[in-house]
Amino acid sequence: MIGTNRYIGSPVERIEDLRFLRGRGEFVGDLKSQGMLHAAILRSPIAHGRIRGLDSAAARAIPGVRDVIAAAEIGAVPTIPLRLLPLPGTERFLQPVIATGRLRYVGEPIAVVLADSAALAEDGVGALILDLEELPPVADRRASGRHEILLFEESGTNLAMTFTGVLGDAEAAFRDAPYVRRECFEVQRHTALPMEPRGLLAEWDSTQQRMTVLGAAKVPFFNRDTLAAMLGLAPASVDLIENDVGGGFGARGEFYPEDFLIPFAARHVGRPVRWLEDRREHLTAMNHARQADCEVEIACRRDGTILGMRGEIFVDLGAYVRTNGLIQPRTLAQCFSGPYRVPNLHMVVRALLTNKTPSGTYRGPGRYEASFFCERLIELAAVDLGLDSAEMRRRNLIGAAEMPYKLARLEPGGAAVDTECDSGDYGEVLERCLAEFAWEEKRTLQGRLIDGRYHGIAVACFIEGAGAGPKEAARLELEPDGTVAVYVGSAAVGQGLETVMAQVASDTLGMPIDLVRVFHGSTPYLNEGYGAFASRSTVLGGSAVYEGAKSLLEKIRGAAAARLGGPPDDIELVDGRARTRDGRSLSFADLAADGLRVDAMFQNNNKLTYTYGSAVAHVAVDLGTGQVEVLDFLVVEDVGRIVNPLTLHGQAIGGVVQGLGGAFMENLVYDANGQLLTGTLADYLIPTASDFPRIRAIALENHPSPSNPLGVKGAGEGPIIPVGGLMANAVGNALASFGAMPNQLPLSPARVWRMGAEAPMENLGKNARAEPVSDAAGPGRSQIRR
Amino acid sequence: MQVNFKLNGTPVVVDVEPRMHLADCLRDELRQTGTHLGCEHGACGACTVIVDGAAVRACLMLAVQVEGSSIVTVEGLSTEEALTPLQTAFRKHHALQCGFCTPGMLTTAHALLTDEPDADGDRIRAVLSGNLCRCTGYIPIVDAVLDARAAYRKSDKR
């Protein structure tokens, strides 16, 4: 029973904010433990090589340095298992929790120094003497693909995995197509970069043989089981505690080497150990993401109808296959075509190992890259065929009548991993987006030179497969004070989970929201939990809370009926009291003595929800500086059902700005030796308050998800997905008269400037449709600029 | 070395190593953990505190430099009972998600509006551009600061 429905759909201000705004959040770095030691980690200074020796005598001689732990102290060094897609063959490329001789990327952990303060621990790291043998590095995926230098000789290959996505018969479609175009595109390596660096505080209780690790995030239950196995403990002897988490975006909370090393160290020395990552460490230690390039083709009819897409994509995976490292290549193969009807598709994705930081998921993994590739292809076809960008997409979006619509068959995997767009009207959202933006009017701006800048507009459509299964757990308990405690296996990474779960619970229970308290993430609360990834918390966690709340209501009714007499159905629950028809009542607090408690589990049979949307943008390009200004950006998405419009809007705007960082600024640059050149926040640039002030987002709830009782779809990742493709197409359209081909991200000022400066003479004015209109600001400017 | 300064109105004495920066001193020695460390090289602004009225990066200042100063951290902005108008505006506009950059945003904005209660959107953006946020996309933060200006105009602080 959803009662008066006061909270779901309302912009409920967040419960979390009250502590954060007062500086009373409790992040892992804020925690201390009695007798705690501080850890600092010696990391590989070279991309590829062997450790010949490690001399720790000088480090150990520093007063206050308590211990040094390297592979020798650990003994049998475990490797980190894959959490997702643990496919046969990948076991060859898993990362050991500490280097055992071979070094494969700059930043790989070699030794842990424990000391009385963090500063002394860093002094200790500085005093460790390494004897290294350097090997030639595999600096990029091209070198990797030659397999001349191997990261793992015993495997005989640098190819970690190949995925193929197939629909229909691409070969036949291309053979007969009247229009075909082939292009190469590239997305740079970048990273999630949450503002709070990682950290852990591990406490070993030798009497009880129990390990407690604070600082967990994202997937505490999986990581608890993983750590327990590595330490030779029962899962019940290990607790992972989730404190406040300063942003995740896919990267934080996966099982990293430190998630073993710090607990191991605590047990080794018999004292609590805390490790707080610094930012330079973070940039080489935490998962990188996104790096992929491709050679892909599109085949169309002359009216723009897409007949097929095919090609080959290469992912630069870094040095190891990490817990979720295969999600990006998998998604590139399976979801390349996004929301478009592409009846014939053949996409081969090769994930190759290089001597760089391993990669993993970052918000919209694979989808951001696929959208960039796919939207560029579609835009080029539209231009070639003389079609408006919006009309081209309108013709090819999957139709409402085609739902559910099956996406590409994936190998390896086959039918067991098929996924389908679940519901909705993709065209409806596109039209809403175009209308809000006034697309038809703004089309006249395309390629125009106004006040010294070239203007361009673009449109892109996207889907967000979210709410990955298999299930989520919740427990609800009526407390002696009449409140309800809600325990959920979902994890909070800063997205407002407490508020959203409280909204769902209080609406379902018909209780004021301040009588509901939400506990999440930590392993002591529940027997199992699945965490926060793939925008799943509201979908699965919310549904589990909803089912649990419904069951709790039945229990409350039953208990009240037993005490007051009469059938449970006659008990009315109002304002925290259970009342009979003749007016006798008990408070929830009275009933709590009956031990009313419900365990709920929501399963979705691995059926994803598909949020969908469209985005449009208007940019102005200054070819004097290469600077692109985003004059307007609008994203419209249908999320099935909106639980909290405030937090949803925050996800959309925040996601878009992250995507703009990837489109224009962010770049993890390596040199030929495999050294990271962008190791500080002065070198690795993310958007600031003055970069992208004009972003708009509209959320719709016209088509609820058919696969959960709330009708919600995942909503954390959609708006980031189209940003790269959209920006490239807007810049390409602005500079069409220069024959600009923005086929590589990021669209840095230097790269954009070169599109004007290096445009071949024969390209100028080649595309009559987009020829700049001469105006007072600079007639013939395009000619001059060349 | 012994350092004397005022922290959120209360005199404190703390014994620190000369190399300890102010943020570590506040967080580890004085247990005021609202001041966060996001980069320790002055790029992210999460550790911003107000030293004698100026917004300062506590990771770029040594603790020994604040002898005799008066320091305000996020803990000193609000009372036990109520949020300040600036904090209330942050909540209303959903100007925070994970909350990690928030203390630095609040101290930076507080210092700005105390000096310039009429700061316009461009000025606010320019000043806040020294504070990184990865969650919000900044738009709601700027809206919140714009919204809070009225409260600073009314006060007699100028």
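In this text, all values refer to a predicted model and were calculated from it rather than measured experimentally. Each chain gets a letter, A, B and so on, in the order the sequences are listed, and its residues count up from 1.
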Within-4.5 Å side-chain heavy-atom neighbours: [X] and [Y]:
X	Y	answer
B:Leu37	A:Leu276	no
A:Leu21	B:Leu96	yes
A:Pro693	B:Arg125	yes

Any donor-acceptor N/O pair, [X] side chain to [Y] backbone, under 3.5 Å:
X	Y	result
B:Arg134	A:Pro194	no
A:Arg279	B:Gly38	yes
B:Tyr138	A:Pro687	yes
A:Gln495	B:Gln97	no
B:Arg91	A:Arg14	yes
A:Lys32	B:Arg31	no
B:His36	A:Glu196	no

Which portion of [X] sits near chain B, non-hydrogen atoms under 4.5 angstrom:
X	result
A:Gln651	both
A:Val493	backbone
A:Thr647	both
A:Phe27	side chain
A:Arg24	side chain
A:Asp244	neither
A:Ala119	both
A:Ala192	backbone

As an exercise: rank B:Thr102, B:Ile139, B:Val142 by heavy-atom pairs under 4.5 Å with chain A and give me the winner. B:Ile139
Residue selection (most heavy-atom pairs with chain A, distance under 4.5 Å) from B:Glu40, B:His93, B:His41: B:His41
If you round to the nearest 0.5 Å, how far is CE of B:Met20 from OG of A:Ser117? 7.5 Å
Output the distance between atom CE (A:Met195) and atom CG (B:Asn131), rounded to the nearest 0.5 Å.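 Those atoms lie 9.0 Å apart.
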Ranking A:Gly650, A:Gly661, A:Ala652 by heavy-atom pairs under 4.5 Å to chain B gives rank one to A:Gly650
I'd like to know if A:Asp123 pairs up with B:Arg19 as an ion pair, taking the criterion as any Lys NZ or Arg NE/NH1/NH2 lying under 4.0 Å from an Asp or Glu carboxylate oxygen.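 Salt bridge between A:Asp123 and B:Arg19, a charged N being under 4.0 Å from a carboxylate O: yes.
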